Protein chains: 2
Amino acid sequence: MMAKEITRGQLAKRSGCNIETIRYYEKIGLMPEPPRSASGYRQYDENHERRLLFVMRGRELGFTIADLTSLLDLVDRRAVSCGEVEKLARSHLRSVQEKISDLKRMESTLSDTVRSCSGQDVPDCPLIDRLFDTEFN
Amino acid sequence: MMAKEITRGQLAKRSGCNIETIRYYEKIGLMPEPPRSASGYRQYDENHERRLLFVMRGRELGFTIADLTSLLDLVDRRAVSCGEVEKLARSHLRSVQEKISDLKRMESTLSDTVRSCSGQDVPDCPLIDRLFDTEFN
DNA sequence: TGTAGTCCCTGTAGTAACTACAGGGTCAAG
DNA sequence: CTTGACCCTGTAGTTACTACAGGGACTACA
């Protein structure tokens with residue numbers, strides 16, 4: 001089989017991942033150390049690209065590096081158990097939902113407060129008042 | 001007027017702020033350096049407490065330290081302009097709204113995917129497939 | 001053959017907003 | 001006078017990258 005290896009820069013371009021991030025993922029063990037050319041250049045193949053895309057998609061879904069390390073470890077050990085993965089994913093889902101509700105709380109307070117702003121160049125400001133006001137914990 | 005100064009630990013307890021965080025806020029200039037007792041203990045008064053609560057409420061609303069530095073700078077210079085504050089707050093509000101929509105996208109993908117999980121101890125898993133699948137960018 | 005430009009290599013530092021030590025001094029109670 | 005709970009300082013660790021600096025390698029072109 002023909003290898004058609006690519007460099008780190010090429011992998012970065014193809015995947016859309018920052019070139020330094022690829023090296024970072026290697027350093028923390030999320031990406032394997034690829035073989036090197038005679039002059040020390042990293043040589044990546046389709047498996048590396050596949051794995052990098054896995055990581056990138058996982059990150060887009062908000063999984064932590066630790067989560068992805070666990071998931072890829074299951075894959076690497078050929079020990080994927082849908083039940084286990086689901087457990088991790090559901091726990092992540094809950095944390096995403098918590099973040100959403102935190103942010104929604106912020107959003108409603110912010111928009112309520114900003115709505116009552118005059119927008120004029122005056123020293124009296126509802127937001128400043130609200131932040132100083134002892135009534136709001 | 002009677003001063004009734006309190007220590008850092010007391011301020012921490014009263015405000016609910018972590019004791020180390022108070023020192024951190026001082027280091028980055030968000031809190032002023034308080035006077036010291038003869039033996040070097042920090043002595044805080046109501047103004048410090050008020051300011052700390054301002055910062056804590058601001059952080060709860062998701063403002064960055066830089067935002068709060070700007071806001072408090074306006075206050076300190078007695079140059080609060082509701083228009084200016086509103087501009088900052090609206091820009092922050094937009095970023096909160098963006099975060100919400102990012103998280104909602106994550107949430108829907110995650111819950112869709114997890115819903116199709118068998119939850120059984122089997123190697124075939126929709127989430128893993130989805131992360132590996134080239135169809136999903 | 002020389003050289004310019006673009007890659008790649010390494011290690012390290014910086015980002016945000018804290019949080020948690022270690023190693024030492026202080027203060028109040030018994 | 002000792003014990004325990006405080007306070008002080010500086011520094012390192014956390015998350016997930018990102019951005020250098022200083023040096024080698026490779027390609028194209030004159």
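Quick caveat: nothing in here was measured; it's all calculated off a predicted structure. Naming: A, B, ... by sequence-line order, numbering from 1 per chain. Note: hydrogens, waters and symmetry copies are ignored here, and every other heavy atom, side chains too, is used.
Look at CZ on A:R59: it is 8 Å from C1' on D:dT15, rounded to the nearest Å. Distance CD (A:E26) to C1' (D:dC17): 15 Å, rounded to an integer number of Å. When rounded to the nearest whole Å, the span between CD of A:E5 and P of C:dC8 equals 14 Å. If you take OH of A:Y44 and C1' of C:dC9, they are 11 Å apart, rounded to a whole angstrom. Atom pair B:L61:CG and C:dA17:C1' shows a separation of 16 Å (rounding to whole Å applied). One interatomic measurement links the two molecules: CD of B:Q10 to P of D:dC6, which rounds to 10 Å at whole-angstrom precision. Rounded to an integer number of Å, the gap from A:M31 CE to D:dA16 P is 17 Å. Across the protein-nucleic acid pair, B:I22 atom CD1 and D:dC7 atom C1' stand 12 Å apart, rounded to whole Å.
In this structure, A:E84 and A:L74 have side chains that are in contact, with non-hydrogen atoms separated by less than 4.5 Å. Side chains of B:E26 and B:P32 form no contact here, defined as non-hydrogen atoms less than 4.5 Å apart. Contact of the A:Y44 side chain with the A:R42 side chain is registered, since non-hydrogen atoms from C-beta on lie closer than 4.5 Å.
Scanning both residues, A:S111 and B:L93, for their nearest heavy atoms gives CB-CD2, 3.9 Å. In plain terms, the two heavy atoms of A:V122 and A:S118 that are nearest each other are CG2-OG, 3.6 Å. Smallest separation of non-hydrogen atoms from A:I22 and A:C17: CG1-SG, 3.9 Å.
For the 3.5 Å distance criterion, the side chains of A:D67 and A:T64 qualify, holding a donor opposite an acceptor.
B:R8 forms no cation-pi arrangement with B:Y41, by the criterion of a distance under 6.0 Å to the ring centre and an angle within 45° of the ring axis.
Annotation for A:R78: atom CZ does not count as buried by contact number, only 12 or fewer foreign heavy atoms lying within 6.0 Å. More than 12 heavy atoms of other residues, nucleotides or ligands lie within 6.0 Å of CG in B:N47, so this atom counts as buried by the packing criterion.
Checked by atom type and distance alone, the side chain of A:T69 pairs as donor or acceptor with a backbone atom of A:I65 at under 3.5 Å.
Side-chain N/O atoms of B:R36 include one lying less than 4.0 angstrom from OP1 or OP2 on D:dT9. Distances shown here put every side-chain N or O of A:Y24 at or beyond 4.0 Å from the OP1 or OP2 atom of D:dA19. Contact annotation: B:R42 side-chain N/O to D:dC7 OP1/OP2 distance is not under 4.0 Å. Dashed line: the shortest gap from a side-chain N or O of A:T21 to OP1 or OP2 of D:dC17 is not under 4.0 Å. OP1 or OP2 of C:dA20 has at least one side-chain nitrogen or oxygen of B:N18 nearer than 4.0 Å.
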Q | Evaluation steps, side-chain contact (heavy atoms from CB on, under 4.5 Å), between B:R130 and A:R57 | A | CA-CA 9 Å; B:R130 162 147 215 152; A:R57 291 188 198 110; over 6 Å; no
Q: Output, in order, the C-alpha distance, side-chain angles, deciding distance and verdict of salt bridge (charged side-chain N to carboxylate O under 4.0 Å, His left out) for A:D76 and A:R51.
A: CA-CA 11 Å; A:D76 290 345; A:R51 193 181 180 98; 3.0 Å; yes
Q: List the steps, then state whether side-chain contact (heavy atoms from CB on, under 4.5 Å) holds for A:H48 with A:L52.
A: CA-CA 6 Å; A:H48 293 107; A:L52 179 58; over 6 Å; no
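A:F63 comes within 4.0 angstrom of no nucleic acid atom, judged by non-hydrogen atoms across all strands.
Between B:D102 and B:R105 there is a salt bridge, since a side-chain N of the basic residue sits under 4.0 Å from a carboxylate O of the acidic one. Salt bridge A:E20/A:R23: present, at least one basic N to carboxylate O contact under 4.0 Å.
For A:R8, the listed nucleotide lying nearest its side chain is C:dC9; candidates were D:dC17, C:dC18, C:dC9. Minimum atom distance to the side chain of A:I19 is reached by C:dC8, of the listed C:dC18, D:dC7, C:dC8.
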Listed pairs, N/O of protein and of nucleotides 25-27 of chain D, under 3.5 Å:
| residue | atom | partner | partner atom | Å |
| --- | --- | --- | --- | --- |
| D:dA25 | O4' | A:Y41 | OH | 3.3 |
| D:dC26 | OP1 | A:S39 | OG | 2.7 |

What pairs of nitrogen or oxygen atoms, one from the protein and one from nucleotides 21-23 of chain C, lie under 3.5 Å apart?
| residue | atom | partner | partner atom | Å |
| --- | --- | --- | --- | --- |
| C:dC21 | N4 | B:E20 | OE1 | 3.3 |

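DNA chain C is contacted by no residue of residues 86-101 of chain B, taking any non-hydrogen atom closer than 4.0 Å. Residues of residues 64-73 of chain A that place a heavy atom closer than 4.0 Å to DNA chain D, in numerical order, are A:T64, A:I65.
Using five terminal pairs a side, the axes of the helix from C:dT1-D:dA30 to C:dG30-D:dC1 at its two ends make an angle of 30°, given in steps of 10 degrees.
Every pair passing ring-ring contact (aromatic ring centres under 6.0 Å, His included) that includes a residue from residues 72-101 of chain B is listed here, sequence neighbours excluded: B:F63-B:H92.
Residue order along DNA chain D, read from the 5' end via each residue's closest nucleotide, puts B:K13 first among B:K13 and A:K27.
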